[in-house]
Enquirer: 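This structure is in structure tokens; I'll ask about it shortly.
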Amino acid sequence: MKWKTNWKKGLRNGICIGTLLLFLFQFAAMAQEGGTAAQEEPSKISPLLLEAFAQQPAPMSLDAQAEAPTVPTAVWITDTDLTEAAAAAAASSGLLSTAPLAAPLSSLEASATMPISTAPTNEENPDAVQDYIEAKRLASRTLYAEQNEAFAADHFDQEDILYISQYSPLVLVNVTLDEVYDLTRYDEVSYLDHYQSGAELQLTNAVSASRADYVRDTKNYKGGGIKVGILDGHITNTAGLPSSITVKPENVYNYENCMHAKRVAKIIMTMAPNATYYAAWADNYITNIEWLLSQGVNVINISGELGAHYPNTITFATTWLDHVAFNHDVHLVLAAGNSGSAGVNSAGMAFNAITVGSYNDHNGTNTSNFTVSSFSSYMPTKLNDVASKPDILAPGENISISVDGTTVEADGSSFAAPFVTGTVVYMCQANTSMKIRQDAVKAALAASCFDVHYTPSETGYRTWGNGALNSRYAWTVAKDSQFRYGIITSTDPATFTYTFSTSSASTYEFVALTNLRYSKFSSGDHTGDPVHDGYPPDLDLRVYNNSTNALVASSTMGTCWNVEKVGFPTGGANTFRIEVTHAGERSQNGYFGVAWY
């Protein structure tokens, strides 16, 4: 920190009157301009950050202040209001002047943080949604850059700054423990967490098993108009990949990590050869995810752990990924990990991410033979205040992949995640409004899973999530607009209602409800101090026969079940009513999606 730099110089060189006066002047000026609090606020410090300092070696010198260890620290600051940026992007792209979405909201949404009440159909203006996404990100980037750079310039020396975020209220710095406590005095500092770079890439006929071949070959959906990001090992050469890809340059080479990334890319490219691809190195994940955002990507595949491995835990990476997915209209597909009952990757615990475990299709398409991979990460016990994960399983064993003349039978959730990413590409191509509906996409994936592996009990959910991926059914849900979404605020009715009809051939139906983690703020809107341990409100799902008013299915699983799913016999042609009810305290907005198949 700038004022402490001069103070430390004084300690090292002997305090003189000039140094002392300079320190007092700078401290007074910063107290006036920076809005320092009267006392330190230790509650702003993450336990993981304190643990990181505790693990540092003791100073070797008697001059402890000069030798104090530093730890990479994520400094969250007061967020900026993106409402006007989103509204301007919507107007400039024509998003608000075209046909309504398949799932319109109340007029409330026009003034909410995600102010999208209408969107074009593919036929009317296929580029408007993408134009909106990229215009909104550009405006947000301008606001964040101005705020974050000013904060960093006021508080830190250049050599201490690791990165200034362009898409979140965040500055990464190297600081001492004393400096961490000093930062808590500032009103604009909301939280300090431990930042760890790096990524662990986890290794240990599936296109047909997931029914993706039907969408690609029979329906000719191949990803045209969709931008895909791949965050993985650095791809040093693109030989052997079936589609062109733009790779962010890095001065790094690791053969195994490169091949891991190319095999992940090969799966997605095989499913969606006409999509536009971008790749970035996972080690510098904040910098490189923000680079992918600047390229306009709609979905990012992340087949590895980000930062340190804390299974089943909300970490800095979890919170940051939730922020990015919610505020910048990007689908994040993450591998659950290969630790079995030891738990899900901490990055995969993000509420707003689609977290993918692995199943073994035993080289066939008979769903009754599918089994959970022994290595597929899951939560042995559902913990309080964390998301229910994984969300879905996809093929992840004996995946035959040929790259650079080498064929391997790959195992791991790293290779299950790309099947879900490819399916999200199909969904966004079939219905452009899905590009900006992280809630509805996850609900559609959950509702459309192979029903043979749907397990409504908590015990079953822990291993299978919402079931095995069915790309064909998920694409159908998107194409036929079998989804709705909504925002429940403290001033709304507590219940939102939607109806749908089944055909005479129908025998069974699934309905899934998803719930996004919207950052809570002290001011009540998207300004003020973020509440980093916040979680989505408790929403209940009920389905009624609309003619008889009889309850046919319900799920009231409580807080932090970020996906809830029910199934019921339809009896042929019928009309059903879905009710989504805010069951908890109403101070939190509830952002949700619901889908049926």
Enquirer: May I ask you to check whether D540 and T556 show a side-chain donor-acceptor distance below 3.5 Å?
Expert: no
Enquirer: For the pair R137 and E290, evaluate salt bridge (Lys or Arg N to Asp or Glu O under 4.0 Å) and give the outcome as yes or no after the intermediate values.
Expert: CA-CA 10 Å; R137 287 183 190 168; E290 294 196 351; over 6 Å; no
Enquirer: Relative to the ring of Y278, is the ring of W291 parallel (under 30°), tilted (30 to 60°) or perpendicular (over 60°)?
Expert: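 Perpendicular: the ring planes of W291 and Y278 meet at over 60°.
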Enquirer: Indicate whether any N or O donor in one side chain lies under 3.5 Å from an N or O acceptor in the other, for S373 and E397.
Expert: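 Yes - a donor-acceptor pair under 3.5 Å links their side chains.
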Enquirer: Side chains of H194 and S46 only: does a donor on one sit below 3.5 Å from an acceptor on the other?
Expert: no
Enquirer: Any Lys/Arg nitrogen of K248 or E250 sitting under 4.0 Å from an Asp/Glu carboxylate oxygen of the other?
Expert: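 Salt bridge flag = yes for E250 with K248.
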Enquirer: How about D182 and T184: does a side-chain donor come under 3.5 Å of a side-chain acceptor?
Expert: no
Enquirer: Has the side chain of N288 got a donor or acceptor atom that lies under 3.5 Å from a matching backbone atom of W281?
Expert: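 Yes; judged by distance alone, with no hydrogens or angles, the pair exists.
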Enquirer: With distance as the sole criterion, is a donor-acceptor pair present between the side chains of H331 and N298 under 3.5 Å?
Expert: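 Distance-only check fails for H331 and N298.
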Enquirer: May I ask you to decide if A353's main-chain N or O and K442's side chain share a donor-acceptor pair within less than 3.5 Å?
Expert: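 Side chain of K442 to backbone of A353: a pair is present.
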Enquirer: Could you check whether S165 and N148, counting side-chain N and O atoms only, form a donor-acceptor pair closer than 3.5 Å?
Expert: no
Enquirer: Show your working on side-chain hydrogen bond (donor to acceptor under 3.5 Å, both in side chains) between Y163 and N284 and close with a plain yes or no.
Expert: CA-CA 10 Å; Y163 184 67; N284 295 328; over 6 Å; no
Enquirer: Can a side-chain donor-acceptor contact be found between Y167 and N327 if the only test is distance below 3.5 angstrom?
Expert: no
Enquirer: What pairs with F151 under ring-ring contact (aromatic ring centres under 6.0 Å, His included), at least two apart in sequence or on another chain?
Expert: H155, F156
Enquirer: For residues S358 and S376, is any side-chain donor paired with an opposing acceptor at under 3.5 Å?
Expert: no
